[in-house]
Structures are given as structure tokens and as C-alpha cells.
Q: 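Below is the structure I would like to discuss, written out as C-alpha cells.
The figures that follow rest on heavy atoms only: side chains count, while hydrogens, waters and symmetry mates do not.
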Amino acid sequence: MTITSEEPLFSTRLISTDVQEKLPQGVFLRPLQRSDYDKGKPTPHLLISCSHSCLKKTDRRTAVGILEVLSQLSVTGNITREKFEERFDFLKSTKTYFTTVVEDEKSGLIVACATLLAEYKFLHECGKIGHIEDVVVHDSQRDLSKFRPLCLLTPTRLIEQLQYVGRAIGCYKVILNCTAENVAFYEKCNLKQKDVQMTHYFEPFMIKIEEEINQQNYAKYQQRQATLDIGLSPNAEKSFRTMLLEAEQRLQSSSIRQQPTVSAKLTADPEEIQENV
């Protein structure tokens, strides 16, 4: 059977309406599609990107396609459209992969994604386990000048969506692997720490790449931990506090303009006030 470009990886009935309603306005959840190799049209845009331990502004083109988003999580390599579509068709045929994306309605671009992989077992009367994998939000959603809430809300909603899928397809539990600094976040998503992850890489090159990515992610975590309140990086925290200060100054200025008579009475001579009364 030939799969059309817009055919989803799994049924849209597995998208939770309750989770969708919790997302910020202007974005929506949907299954991965075959056309997501280069979804949306690229436009010049000023993004906030992370490099080692500091945030910096860079002029680059807006993210396009699922691979651009995934590349901010780990190495994707050189994947042609043919290879992407071949892998998509295979994943769809297995009926065990449930990759959910978040699309921006205005631009048509993918801004976040996550996957649930169903593992069929003999345990628990031939039960199923859901593995949560590749949870990532694109850094374009961290535009400090707009203070977009998506980067704070979407990971939580994606986890809720994958938990919804897991329950719907009959999994008796969902599990995931994460770094130590992300444990607190996933605990807020009703997951709890259990057991220990072990790994063995067959490619030495991948070990080096993964170590570099982990170091960068840990540097970002340390920045968030160094700030109070909303847990932003130092630059984002400074930008947010500036916004609050400007709003407070506007409120004070508006309040003074609305009360000219009170100011006049406070500075006028008491006898003049009495005469006017």
C-alpha cells in the first residue's frame, strides 16, 4: 500500500483533546506525517540559540521539518528525503511508533516533538510497555523578546499526550531514560525515579558526541538552577525582570495621570482647600 504524504503515522483519534486545550493558543498536537521531512516554509528570523554555557543571538533561518527539531537533541546525520520516507513507511507498518509533533499554526513549522514506542512482552499476560523517547522543543520557542511560554509548557503537555496514547493502546506502564538534572521535571509529570539506566555504545564516535551534548545540556541546567522564580537562564531572567519593571513604571505613570486632584489638594494651602469646599 502506498502511503500519501499527508497520511499520519498513527490515528488522529489518539490525540487527546484535553491536552490540546492546555497548550498555548496558536499551536496544536498531531501525529508525525510523511511530509514532515521539510514541513513549512523557511523565513529569516532572529533566534536564541545555546552554545556551551551561554545564550547568544544568532541570525539564521527558521527551523524546517522534524529533523531540524531532532538535531537539537542529538545527532541526526545526513538523511535524504528518500531515506526519511522509507523509515517513516517502516515505522508506520509496525504500528508500534507514536511520534507526536507540535505545529505552529501561523508558520506551519514543527516546534516540538516526542515519541512513544510500544514494546510487546510476554510478561503481564502478554502486556505492553510504552517507552517515551526523543522529547525536544525547538530553541526558536525561546525568543526572549517575546517571552514565549511554549518552551515552559510544551514538554509537560507532550508527556501527558504520550501517557494518554500509552493508556489508550493498553500499556500497563510508560518509562523513559533521562539525565539526573531532568528528574525533577519528569516527577512533575507523574513519573517517579526507579532503577538505573545502563548503556553500551558500539560506535566510539557516538560516545564523544553524546558526551558533548550532555555537557551542553548540563550547562543549561546549571544556568537555570542559578536563577530563582521561573527558572530561566540569566539572560532570560534579566529580560523578564526588565519587562516587569517597565510594566510597573507604566502602571505608576497611569495612576499619577488619573489622580491630578488628589495631588493638588496635598500641595495646596489648607485655607484655600477650606474656601473651595
Side-chain angles (χ1 to χ4, degrees), residues 6-36 39-40 63 65-66 69-70 72-73 88 91-92 94-121 124 127-143 146-178 182-194 224 229-232:
E6 296 301 326
E7 188 169 352
L9 184 63
F10 58 91
S11 172
T12 56
R13 290 185 297 175
L14 288 175
I15 298 296
S16 168
T17 55
D18 290 338
V19 176
Q20 174 60 55
E21 290 174 355
K22 296 177 184 177
L23 279 171
Q25 204 169 22
V27 297
F28 63 93
L29 292 162
R30 64 168 176 81
L32 179 72
Q33 296 175 349
R34 203 166 186 259
S35 60
D36 285 335
K39 178 70 177 179
I66 187 70
V69 182
L70 288 173
Q72 298 189 0
L73 180 66
F88 179 94
L91 297 180
K92 184 175 176 66
T94 66
K95 299 182 179 181
T96 57
Y97 286 83
F98 303 86
T99 300
T100 302
V101 304
V102 177
E103 181 177 326
D104 182 90
E105 286 184 311
K106 186 176 181 179
S107 65
L109 299 177
I110 296 174
V111 294
C113 65
T115 295
L116 182 82
L117 167 61
E119 177 191 357
Y120 286 72
K121 305 178 74 68
H124 291 269
K128 291 192 289 287
I129 288 179
H131 294 263
I132 295 177
E133 298 283 349
D134 303 340
V135 182
V136 58
V137 177
H138 193 272
D139 65 4
S140 64
Q141 301 309 303
R142 303 175 187 273
D143 190 337
K146 297 179 181 179
F147 190 65
R148 303 188 70 170
L150 192 58
C151 63
L152 302 178
L153 296 178
T154 299
T156 303
R157 302 312 173 212
L158 279 170
I159 297 302
E160 291 177 0
Q161 164 62 25
L162 297 186
Q163 288 175 328
Y164 176 85
V165 173
R167 183 187 295 271
I169 65 175
C171 294
Y172 65 87
K173 70 176 180 178
V174 294
I175 60 177
L176 61 82
N177 295 323
C178 71
N182 286 328
V183 169
F185 164 75
Y186 286 113
E187 286 179 338
K188 294 178 182 178
C189 300
N190 295 321
L191 294 161
K192 63 180 181 179
Q193 191 170 359
K194 185 177 186 293
R224 292 194 297 269
D229 302 329
I230 53 179
L232 298 175

Q: Check whether any side-chain heavy atom of Ile129 sits under 4.5 Å from a side-chain heavy atom of Val174, and report yes or no.
A: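 No. Closest side-chain heavy atoms not under 4.5 Å.
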Q: Taking only residues two or more places apart in sequence, or in another chain, which ones meet Glu103 in a side chain to side chain donor-acceptor pair (under 3.5 Å)?
A: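 Scan of Glu103 (side chain to side chain donor-acceptor pair (under 3.5 Å), adjacent residues dropped) gives Arg30.
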Q: Walk me through it: do Glu187 and Lys192 pass the test side chain to side chain contact (heavy atoms under 4.5 Å, CB included)?
A: CA-CA 5 Å; Glu187 286 179 338; Lys192 63 180 181 179; 5.7 Å; no
Q: Between atom SG of Cys113 and atom CD of Gln72, what is the distance when rounded to the nearest 0.5 Å?
A: 10.0 Å
Q: Is there a side-chain contact between Ile110 and Val102 (heavy atoms, below 4.5 Å)?
A: no
Q: What's the verdict on side chain to side chain contact (heavy atoms under 4.5 Å, CB included) for Val69 and Val111, showing C-alpha distance, side-chain angles and the deciding distance?
A: CA-CA 7 Å; Val69 182; Val111 294; over 6 Å; no
Q: Write down the atom of Pro8, the atom of Phe88, and the distance for their closest heavy-atom approach.
A: C-CZ, 4.1 Å
Q: If you round to the nearest 0.5 Å, how far is CG of Asn190 from OG1 of Thr156?
A: 10.5 Å
Q: Looking at Phe185 and Pro155, what are the two nearest heavy atoms and their distance?
A: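 Between these two residues, the closest heavy atoms are CZ-CB, 3.4 Å.
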Q: Would you call Lys22 and Glu160 a side-chain contact if the rule is heavy atoms closer than 4.5 Å?
A: yes
Q: Side chains of Pro31 and Thr100: closer than 4.5 Å at any heavy-atom pair?
A: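 Counting from C-beta outward, Pro31 and Thr100 never come under 4.5 Å.
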Q: With distance as the sole test, does Gln163 use its side chain to make a donor-acceptor pair with the main-chain N or O of Leu158 at under 3.5 Å?
A: no
Q: Spell out, as yes or no, whether a donor-acceptor pair under 3.5 Å connects the side chain of Lys128 to the backbone of Ile169.
A: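 Yes, the answer is positive, given that a donor and an acceptor are paired below the 3.5 Å cut-off.
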Q: Taking side chain to side chain donor-acceptor pair (under 3.5 Å) as the test, write out the residues that go with Thr115, two or more places apart.
A: Thr99
Q: Contact between Glu105 and Gln25 at the side-chain level, heavy atoms closer than 4.5 Å - yes or no?
A: no
Q: Is Phe10 close to Ile15 at the side-chain level, that is, under 4.5 Å between some pair of heavy atoms?
A: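 When only atoms from C-beta onward are counted, Phe10 and Ile15 do touch, with a gap below 4.5 Å.
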Q: With a 4.5 Å heavy-atom cut-off, do Ile66 and Leu32 have their side chains touching?
A: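 Of all side-chain heavy-atom pairs linking Leu32 with Ile66, at least one is under 4.5 Å.
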Q: Check this for me: Tyr97, atom OH, are more than 12 non-hydrogen atoms of other residues, nucleotides or ligands nearer than 6.0 Å?
A: no
Q: Determine, stepwise, if the pair Leu23 / Leu29 fulfils side chain to side chain contact (heavy atoms under 4.5 Å, CB included).
A: CA-CA 9 Å; Leu23 279 171; Leu29 292 162; 3.6 Å; yes
Q: Counting C-beta onward and ignoring hydrogens, is there a side-chain heavy-atom pair between Leu116 and Gln161 closer than 4.5 Å?
A: no
Q: Report the distance from atom CD of Glu133 to atom CG of Leu73, rounding to the nearest 0.5 Å.
A: 9.5 Å
Q: Roughly how far, to the nearest 0.5 Å, is NE2 of His138 from CG of Leu70?
A: 10.5 Å
Q: Which heavy atom of Arg157 sits nearest to which heavy atom of Val19, and what is that distance?
A: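 The pair with the smallest heavy-atom distance is O-CG1, 3.3 Å.
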Q: Can you sort out the partners of Lys121 under side chain to side chain donor-acceptor pair (under 3.5 Å), two or more places apart, ordered by chain and number?
A: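 Result, side chain to side chain donor-acceptor pair (under 3.5 Å) vs Lys121: Glu119.
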